[in-house]
S.K.: 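Below are the structure tokens for one structure; questions will follow.
Basis for what follows: all heavy atoms, side chains included, without hydrogens, waters or symmetry-related copies. None of the values given here were measured: they were computed from a predicted structure. Naming: A, B, ... by sequence-line order, numbering from 1 per chain.
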Protein chains: 2
Amino acid sequence: MPNAHDVLFRTLADPTRRAIFERLCREGEQTVGALTSKSGVSQPAVSKHLGLLRQAGLVRDRHEGRQTHYSAQLGALSPLIDWTSQMAGFWETRFDDLEDLLKRMDQ
Amino acid sequence: MPNAHDVLFRTLADPTRRAIFERLCREGEQTVGALTSKSGVSQPAVSKHLGLLRQAGLVRDRHEGRQTHYSAQLGALSPLIDWTSQMAGFWETRFDDLEDLLKRMDQ
DNA sequence: TCAATCAATAGCCAGAAGGTTATCGATCAC
DNA sequence: GTGATCGATAACCTTCTGGCTATTGATTGA
């Protein structure tokens, strides 16, 4: 049972997949065809990546006739932001502890 | 030729490896033995993970006699923080563009 | 000196992951 | 209705990855 961080890191770890997500962030909603033409891999590969991005909550799909439009869901990045600031928080806490220790030793 | 984001995401994608890094962030410097005892995998596996974390710049090693102490290098997370805020930035820019468009349409 | 301990490396294996081509269902254009 | 297009799925293959055991090198302690 992978947690939210697992899914996010794993999903964004692949360069091709992350490039697709970045493009959606930069340029907004796009069809599978448009994404495929700039991706360097085949259409099925792109579809598979989009499926994983959707499972991770990183993109939304919208069907319109026979084409599917995908767009980035930026809110899905929150756990990642939380994680990094948490790590930074631990760091600072330990640093503060060290400062305290040094201060006490100084007395 | 993978870029900095690639390396960071890929390195942090594995749960076991990320758990080791988190532990180093939370609790500070630790020996390989200490990390192994709480990791659920074998010592060679831990050493391999530490090697990858070191390659990614996420940890530092310090040799002391026959034991090796590892500690987190939090600065290595910067590219990741930059990336997320960049994505958020694109999002807001596009949102502003949409607002502008709506405003112009309104006139 | 010799046995024990710590961590890294070597070599191997199973499973996951990303890619491909082929195909299918659905929609659109004629 | 028929052929073309769009995107998802199926089936398959290859490579990468993370795990293991065994071993080695270095250091320590008896």
Side-chain angles (χ1 to χ4, degrees), chain A residues 1-3 5-24 27-73, chain B residues 1-3 5-24 27-73:
Chain A
M1 51 197 94
N3 62 31
H5 299 147
D6 272 308
V7 175
L8 279 184
F9 276 115
R10 272 230 164 276
T11 305
L12 294 170
D14 181 70
T16 308
R17 189 159 52 233
R18 196 173 62 256
I20 292 175
F21 178 70
E22 288 181 13
R23 183 169 294 280
L24 289 174
E27 306 171 10
E29 189 179 81
Q30 313 225 6
T31 67
V32 176
L35 291 169
T36 299
S37 68
K38 301 161 192 164
S39 71
V41 295
S42 65
Q43 174 266 312
V46 173
S47 279
K48 213 189 281 187
H49 284 306
L50 288 169
L52 290 174
L53 286 168
R54 187 160 44 80
Q55 279 191 346
L58 286 164
V59 302
R60 252 174 50 95
D61 60 344
R62 181 173 69 81
H63 298 278
E64 184 179 327
R66 62 185 159 177
Q67 47 194 4
T68 312
H69 299 260
Y70 282 87
S71 52
Q73 288 285 98
Chain B
M1 54 201 96
N3 62 31
H5 299 147
D6 271 309
V7 175
L8 278 184
F9 276 115
R10 194 123 35 72
T11 304
L12 293 170
D14 180 70
T16 307
R17 191 159 50 233
R18 197 173 62 256
I20 292 175
F21 177 70
E22 288 181 13
R23 183 168 294 277
L24 289 174
E27 306 171 11
E29 188 179 82
Q30 313 226 7
T31 67
V32 176
L35 291 168
T36 299
S37 68
K38 301 162 191 161
S39 70
V41 295
S42 66
Q43 174 265 312
V46 172
S47 279
K48 212 191 280 186
H49 284 306
L50 287 169
L52 291 173
L53 286 168
R54 187 161 44 81
Q55 280 191 345
L58 286 164
V59 302
R60 252 172 53 93
D61 60 344
R62 181 173 69 81
H63 298 280
E64 185 180 325
R66 64 185 159 180
Q67 46 193 6
T68 312
H69 298 260
Y70 282 88
S71 53
Q73 287 286 98

S.K.: By a strict heavy-atom criterion of less than 4.0 Å, which residues belonging to residues 63-71 of chain A are in contact with DNA chain D?
M.R.: A:Arg66, A:Gln67, A:Thr68, A:Tyr70

S.K.: Please test A:Leu52 against A:Leu58 for side-chain contact (heavy atoms from CB on, under 4.5 Å), starting from the C-alpha separation and ending with a verdict.
M.R.: CA-CA 9 Å; A:Leu52 290 174; A:Leu58 286 164; over 6 Å; no

S.K.: Using modelled atom types and a 3.5 Å cut-off, is there a donor and acceptor pairing between side-chain atoms of B:Ser39 and backbone atoms of B:Thr36?
M.R.: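 Yes, because the side chain of B:Ser39 sits within donor-acceptor range (under 3.5 Å) of the backbone of B:Thr36.
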
S.K.: Is there a donor-acceptor pair under 3.5 Å between the side chain of A:Arg18 and the backbone N or O of A:Leu12?
M.R.: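 Yes, A:Arg18 side chain to A:Leu12 backbone: donor-acceptor pair under 3.5 Å.
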
S.K.: Grab the CZ-P distance between A:Arg10 and D:dC16 for me, whole Å please.
M.R.: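 Checked: the CZ to P distance equals 16 Å.
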
S.K.: Closer than 4.0 angstrom, basic N to acidic O: yes or no for B:Arg10 and A:Asp14?
M.R.: no

S.K.: Given C:dC6, is OP1 or OP2 found less than 4.0 Å from the side-chain N or O atoms of B:Thr31?
M.R.: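 For C:dC6, OP1/OP2 do not have a side-chain N/O of B:Thr31 under 4.0 Å.
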
S.K.: Nearest-Å distance, CZ (A:Phe9) to C1' (C:dA16)?
M.R.: 20 Å

S.K.: Nearest whole angstrom, please: distance from the P of D:dT9 to the CZ of A:Arg54.
M.R.: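 Atom CZ in A:Arg54 sits about 7 Å away from atom P in D:dT9.
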
S.K.: Measure CG/A:Leu53 against C1'/D:dA8 and give the value in whole Å, please.
M.R.: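 Whole-Å distance recorded here is 15 Å.
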
S.K.: May I have the distance from A:Leu12 (atom CG) to C:dG18 (atom P), rounded to whole angstrom?
M.R.: 12 Å

S.K.: Look only at the side chain of A:Arg17 and the backbone of A:Thr11, and say whether a donor-acceptor pair between them is shorter than 3.5 Å.
M.R.: yes

S.K.: Closest heavy-atom contact between B:Ala56 and B:Leu8?
M.R.: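 The answer is O-CD2, 4.3 Å.
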
S.K.: Just the rounded figure in Å: distance from P of C:dA7 to CD1 of B:Ile20.
M.R.: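 Taking atom P of C:dA7 as the reference, CD1 of B:Ile20 is at 13 Å.
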
S.K.: Identify the two heavy atoms, one from A:Pro15 and one from B:Asp6, that lie closest to each other, and give their separation to 0.1 Å.
M.R.: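 Smallest interatomic distance, heavy atoms only, reads CG-OD1, 3.0 Å.
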
S.K.: Where do B:Phe21 and B:Ala72 come nearest, in terms of heavy atoms and distance?
M.R.: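 Smallest interatomic distance, heavy atoms only, reads CE1-CB, 3.9 Å.
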
S.K.: For side-chain contact (heavy atoms from CB on, under 4.5 Å), just list the numbers for A:Arg23 and A:Gln30, CA-CA rounded to whole Å, side-chain angles, deciding distance to a tenth of an Å, and then say yes or no.
M.R.: CA-CA 9 Å; A:Arg23 183 169 294 280; A:Gln30 313 225 6; 3.7 Å; yes

S.K.: Tell me the interatomic distance from B:Gln30, atom CD, to C:dC6, atom P, rounded to whole angstroms.
M.R.: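 Nearest whole value for this atom pair: 15 Å.
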
S.K.: Could you state the atom-to-atom distance from CZ of B:Arg62 to P of C:dA7 in whole Å?
M.R.: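 The distance from CZ of B:Arg62 to P of C:dA7 comes to 12 Å, rounded to the nearest Å.
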
S.K.: Can you pull out the residues from residues 32-51 of chain A that lie within a 4.0 Å heavy-atom distance of DNA chain D?
M.R.: A:Val32, A:Gly33, A:Gln43, A:Pro44, A:Ser47

